[in-house]
Every structure is written in C-alpha cells, then in structure tokens.
Amino acid sequence: MNKQYPVLWPMPTRWADNDHYGHVNNVTYYSYFDTAVNAWLMHATGTDIRDLPALGVVAQTSCQYLGSISFPDQLRVGLRISRLGRSSITYDLAIFRDADDTLELAATGSFVHVYVDSETRKPIEIPEIIRTAAATLVVEDEG
C-alpha cells in the first residue's frame, strides 16, 4: 500500500502495447486505467459489476505522461478517489513502473465514472455495494 494511493493494482504490459517507436502507445494508458478501476471494483465488491442495475460509464478521462514504459515492464496502477458524489466517482490514478523494488512514476490521470440505469441510461445513485467499496479509496486533499 502507498500513502498517496491506497491501492496499487498490478498491471502487466503486453507485447502488443508497444508501438513502432518501442514504447507503450499513449492510448494504452487509458486502457490500463479502465482495466485497473473495473478489476479493482469487481475484487473489492466481490461481484460482477456488469450485473448491477447501474452501470459506471466513463464521462471524462485524462492522462499526463511523465516517463516511458515498454513491454515487458511490470506496472502498478495507483487508485484513489478525490470525489465520491451522488451519481459519480472521480478517480485519481497513477501508473508506476515496478523496477527493482522501486516504483517509478510514468503517468498520472483522472477518470470519472457516472452511474446510469442499465436500461434507460439515465443517471442514478451509485449502487450501495460500489459506494461502500469506493469509500475505502477516498483520500483527503492535502492542499
């Protein structure tokens, strides 16, 4: 566990992640964010979140690239929540290269899930099982 990020989700790079320039392509970082958030949610809730009556859809995402990563790097995606609202969750994320027992920061980003009814696609309250799990990642702003 990291003081700034309560969860450091393991994320391997894949051969196909590298682009022609020999590093992980920029769009792949968004896939790492999406995979880490949803895998953690399934793990933390003990349920297949796809079966809930509400779906978390991505309304906004961003990434700032700080260092290069490449296959076969092993990564850790840091997860924390900066805002837990009525129908949305804002995740603050970081991608770390796990190198020789040290974590090298490669990128930071954010990811906003808005919860919608699985049939009507209209915003609804975050399901309680998600809210309970998410509350464990809320980190108070130190600024």
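- Here the OG1-NE2 distance, from Thr90 to His113, works out to 11.0 Å after rounding to the nearest 0.5 Å.
- Crowding of Glu119 atom CD: a count of heavy atoms from other residues, nucleotides or ligands under 6.0 Å not exceeding 12.
- For the atom pair OG1 of Thr108 and CG of Leu93, the computed distance is 9.0 Å after rounding to the nearest 0.5 Å.
- With contacts defined as side-chain heavy-atom distances shorter than 4.5 Å, the pair Thr35/Met11 qualifies.
- For Thr132 (side chain) and Ile129 (main-chain N/O), no donor-acceptor pair under 3.5 Å exists by modelled atom type.
- For Ser110 and Ser62, the side-chain atoms include at least one donor-acceptor pair closer than 3.5 Å.
- Contact between Pro72 and Thr13 at its shortest, heavy atoms only, is C-OG1, 3.3 Å.
- How far OH of Tyr21 is from CG of Asn26: 11.0 Å, rounded to the nearest 0.5 Å.
- Looking at heavy atoms from C-beta onward, Asp98 lies out of side-chain contact with Leu75 at the 4.5 angstrom threshold.
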Output, in order, the C-alpha distance, side-chain angles, deciding distance and verdict of side-chain contact (heavy atoms from CB on, under 4.5 Å) for Leu103 and Leu8.
CA-CA 10 Å; Leu103 296 178; Leu8 292 172; 3.8 Å; yes
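- When hydrophobic residues (I, L, V, M, F, W, Y) are linked wherever their side-chain heavy atoms come within less than 4.5 Å, the members clustered with Val112 are Leu55, Val57, Val114, Val116.
- Partners of Tyr29 under the ring pair (Phe, Tyr, Trp, His ring centres under 6.0 Å) rule, at least two apart in sequence or in another chain, are Tyr65.
- A 4.5 Å side-chain heavy-atom check between Gln74 and Pro10 finds every atom pair outside the cut-off.
- In this view, Glu125 satisfies the salt bridge (charged side-chain N to carboxylate O under 4.0 Å, His left out) rule with no residue, not counting sequence neighbours.
- Within the 3.5 Å criterion, the main-chain N or O of Asp34 finds a donor-acceptor partner in the side chain of Asn38.
- Scanning for ring pair (Phe, Tyr, Trp, His ring centres under 6.0 Å) contacts around Phe71 gives Trp15, with sequence neighbours left out.
- Distance check, rounded to the nearest 0.5 Å: CG of Leu79 to CZ of Arg76 gives 12.0 Å.
- In terms of the side-chain hydrogen bond (donor to acceptor under 3.5 Å, both in side chains) criterion, residue partners of Tyr32 (sequence neighbours excluded) are, by chain and number, Asp17.
- Looking only at distances, a side-chain donor or acceptor of Ser70 sits under 3.5 Å from a matching main-chain atom of Gly22.
- Taken from CG in Leu137 to CG in Leu84, the straight-line distance is 9.5 Å, to the nearest 0.5 Å.
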Between Val24 and Asn18, does a side-chain contact (heavy atoms from CB on, under 4.5 Å) hold up when you go through it step by step?
CA-CA 4 Å; Val24 169; Asn18 280 8; 3.9 Å; yes
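- Taking both residues in full, the closest heavy atoms of Tyr30 and Cys63 are given as OH-N, 3.4 Å, listed atom of the first, atom of the second, then distance.
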I would like to know whether Phe33 and Ile95 meet side-chain contact (heavy atoms from CB on, under 4.5 Å); could you show each step before the answer?
CA-CA 8 Å; Phe33 290 160; Ile95 296 176; 3.6 Å; yes
Let me see the working for His43 and Trp9 under side-chain contact (heavy atoms from CB on, under 4.5 Å), right down to the final yes or no.
CA-CA 11 Å; His43 173 78; Trp9 195 260; 3.8 Å; yes
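- Under the 3.5 Å distance criterion, the side-chain polar atoms of Thr120 are matched with a main-chain donor or acceptor of Lys122.
- Atom NE2 of residue His23 and atom OG of residue Ser68 lie 5.5 Å apart, to the nearest 0.5 angstrom.
- Cluster annotation: Leu52 is not connected to Ile124 through the hydrophobic network of ILVMFWY side chains, with a link wherever side-chain heavy atoms come within less than 4.5 Å.
- Proximity of Tyr115 to Ser88: side-chain heavy atoms (C-beta onward) are nowhere separated by under 4.5 Å.
- With hydrogens and angles disregarded, a donor-acceptor distance shorter than 3.5 Å links the side chain of Thr136 to the backbone of Ala133.
- When all heavy atoms of Ala106 and Ile69 are compared, the closest pair comes out as CB-CG2, 3.7 Å.
- With contacts defined as side-chain heavy-atom distances shorter than 4.5 Å, the pair Ile130/Ile49 qualifies.
- Asp92 and Arg80 are joined by a salt bridge, as a carboxylate oxygen and a charged side-chain nitrogen come within less than 4.0 angstrom of each other.
- Residues satisfying the salt bridge (charged side-chain N to carboxylate O under 4.0 Å, His left out) criterion with Arg97, sequence neighbours excluded, are Asp73, Glu104.
- Looking only at distances, a side-chain donor or acceptor of Arg131 sits under 3.5 Å from a matching main-chain atom of Arg86.
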